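Working notes, structure below.
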Amino acid sequence: MNDLILPLYKNGFLSPEANFFFAIVLGFAFGFVLERTGFTRSQYIADTFYFKNLAVPKIMGVTIITTTTWFILFAWMGWIDLSALFTPATYVWPYVVGGLLFGFGMVMAGYCPGTAVAGLGTGKSDALLFLLGLFGGMFLYFLLYPMIAGFASSGNLGVLKLQDLFGGNEYTSYILTVALETGIILFLMLLQKLTNKGEK
């Protein structure tokens with residue numbers, strides 16, 4: 001049992017077939033929860049951008065805090081190898097432009113990829129249109145990539161973590177993550193209060 005270190009697939013305790021099976025099961029469970037909580041309705045995400053309903057960022061923030069808390073506890077107990085977790089490189093300018101385009105698409109459609117797939121599973125036609133646009137955009141990016149390859153790799157800071165910016169270790173990253181997520185949620189709640197006050 002002492003050799004059972006997470007992530008199980010990365011450390012060879014799960015076969016590719018078993019890993020795929022659990023991914024399918026967890027994916028269906030995730031979609032079920034999204035549907036039951038109403039997150040497959042486009043109005044849910046669209047209202048976020050108008051500060052009418054902050055359920056989405058609140059749940060996302062709480063989920064990030066909860067997940068990182070379990071990660072840090074499991075690492076402290078020796079149950080997970082944090083160095084085995086994949087961390088992508090940071091490309092500043094593509095991330096900024098991509099984030100703006102992604103956000104613009106979300107506020108127009110009211111979906112993100114995950115909620116759209118779950119919405120499609122319940123027969124929502126607007127979710128289908130969103131996914132068609134998503135795949136169309138991906139195909140267009142594939143066609144244009146030779147012309148924008150330089151920009152797509154610009155601002156490469158490598159694998160950058162919060163602890164690298166401020167010094168310290170993974171516990172530093174954890175504390176900063178909790179502080180940032182809490183601050184973002186409180187800031188959005190303040191904006192919601194000011195917006196609702198202005199509408200009265």
Side-chain angles (χ1 to χ4, degrees), residues 23-71 86-145 148 151-152 154-155 162 176-200:
I24 293 294
V25 171
L26 290 174
F28 273 103
F30 181 64
F32 176 79
V33 172
L34 286 178
E35 172 59 25
R36 294 297 296 173
T37 54
F39 274 55
T40 57
R41 297 196 301 270
S42 58
Q43 193 65 36
Y44 237 77
I45 290 181
D47 282 348
T48 300
F49 291 88
Y50 298 101
F51 306 112
K52 293 181 179 179
N53 188 339
L54 297 181
V56 174
K58 284 181 180 178
I59 290 178
M60 289 177 64
V62 171
T63 301
I64 292 172
I65 292 173
T66 303
T67 303
T68 53
T69 298
W70 282 116
F71 274 3
F86 172 71
T87 304
T90 300
Y91 299 92
V92 178
W93 304 120
Y95 281 13
V96 170
V97 174
L100 290 173
L101 289 174
F102 190 85
F104 189 63
M106 282 184 66
V107 72
M108 287 197 304
Y111 283 107
C112 71
T115 57
V117 170
L120 180 64
T122 62
K124 291 182 173 63
S125 57
D126 55 346
L128 173 61
L129 290 175
F130 175 87
L131 289 171
L132 289 175
L134 175 68
F135 286 110
M138 292 168 62
F139 182 68
L140 182 62
Y141 179 81
F142 172 76
L143 293 178
L144 296 177
Y145 185 78
I148 61 173
F151 175 77
S154 63
L162 289 175
L176 291 172
T177 298
V178 172
L180 284 171
E181 288 298 330
T182 303
I184 290 171
I185 293 174
L186 292 176
F187 178 68
L188 290 175
M189 291 174 65
L190 175 62
L191 289 179
Q192 182 185 38
K193 184 177 180 180
L194 293 175
T195 301
N196 293 337
K197 183 178 180 181
E199 292 178 350
K200 293 180 180 179

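We count residues from 1, following the sequence as given. Owing to the predicted nature of the structure, the values given are computational and were not obtained by experimental measurement.
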Query raised in the report: For atom CZ of F32, is the number of surrounding heavy atoms from other residues, nucleotides or ligands below 6.0 Å larger than 12?
Result: no
Query - Spacing of T48 atom OG1 and Q43 atom CD [to the nearest 0.5 Å] - result: 10.0 Å
Query raised in the report: With a 4.5 Å limit on heavy-atom distance, are the side chains of L180 and T177 in contact?
Result: no
Requested in this report: Given side chain to side chain contact (heavy atoms under 4.5 Å, CB included), test V97 with F151 step by step and report yes or no.
Outcome: CA-CA 10 Å; V97 174; F151 175 77; 3.6 Å; yes
Query raised in the report: Take atom CZ in F39; do more than 12 heavy atoms of anything else shown fall under 6.0 Å from it?
Result: yes
Report task. Look up atom CD1 in I45 and atom OG1 in T115, then write down how far apart they are to the nearest 0.5 Å. Result -> 3.5 Å
Query raised in the report: Is atom CZ of F104 surrounded by more than 12 heavy atoms (other residues, nucleotides or ligands) closer than 6.0 Å?
Result: no
Requested in this report: For the pair Y95 and T90, evaluate side chain to side chain contact (heavy atoms under 4.5 Å, CB included) and give the outcome as yes or no after the intermediate values.
Outcome: CA-CA 8 Å; Y95 281 13; T90 300; 4.3 Å; yes
Query raised in the report: When the aromatic ring centroids of Y141 and Y145 are compared, is their separation below 6.0 Å?
Result: yes
Report task. Enter the distance from I185:CD1 to K58:NZ here, rounded to the nearest 0.5 Å. Result -> 8.5 Å
Query raised in the report: Shortest non-hydrogen contact from Q192 to F51?
Result: CG-O, 2.9 Å
Query raised in the report: Rounded to the nearest 0.5 Å, how far apart are CH2 of W70 and OG1 of T66?
Result: 9.5 Å
**Report entry** Residue pair E181 / G61: nearest heavy atoms and the distance that separates them
**Finding:** OE1-CA, 3.4 Å
Report summary line: Smallest heavy-atom separation, T40 atom then G119 atom, equals CG2-N, 3.7 Å
Query - Shortest non-hydrogen contact between T182 and V178, atoms and distance - result: OG1-O, 2.7 Å
Requested in this report: Evaluate the side-chain proximity of F130 to D126: yes if any heavy-atom separation is below 4.5 Å, no if none is.
Outcome: no
Requested in this report: Heavy atoms only: give me the nearest A127-A116 pair and the separation to one decimal.
Outcome: CB-O, 3.4 Å
Report summary line: Distance col, row L129:CG vs L134:CG, nearest 0.5 angstrom, shows 12.5 Å
Report summary line: Between Y111 and K124, the two heavy atoms sitting closest are OH-CD, 3.4 Å
Query raised in the report: Roughly how far, to the nearest 0.5 Å, is CG of L54 from CD1 of I184?
Result: 12.5 Å
Query raised in the report: Below 4.5 Å, heavy atoms only, C-beta onward: do Y44 and V56 meet side chain to side chain?
Result: yes
Query raised in the report: Just wondering, are more than 12 heavy atoms of other shown residues or ligands nearer than 6.0 Å to CZ in F187?
Result: no
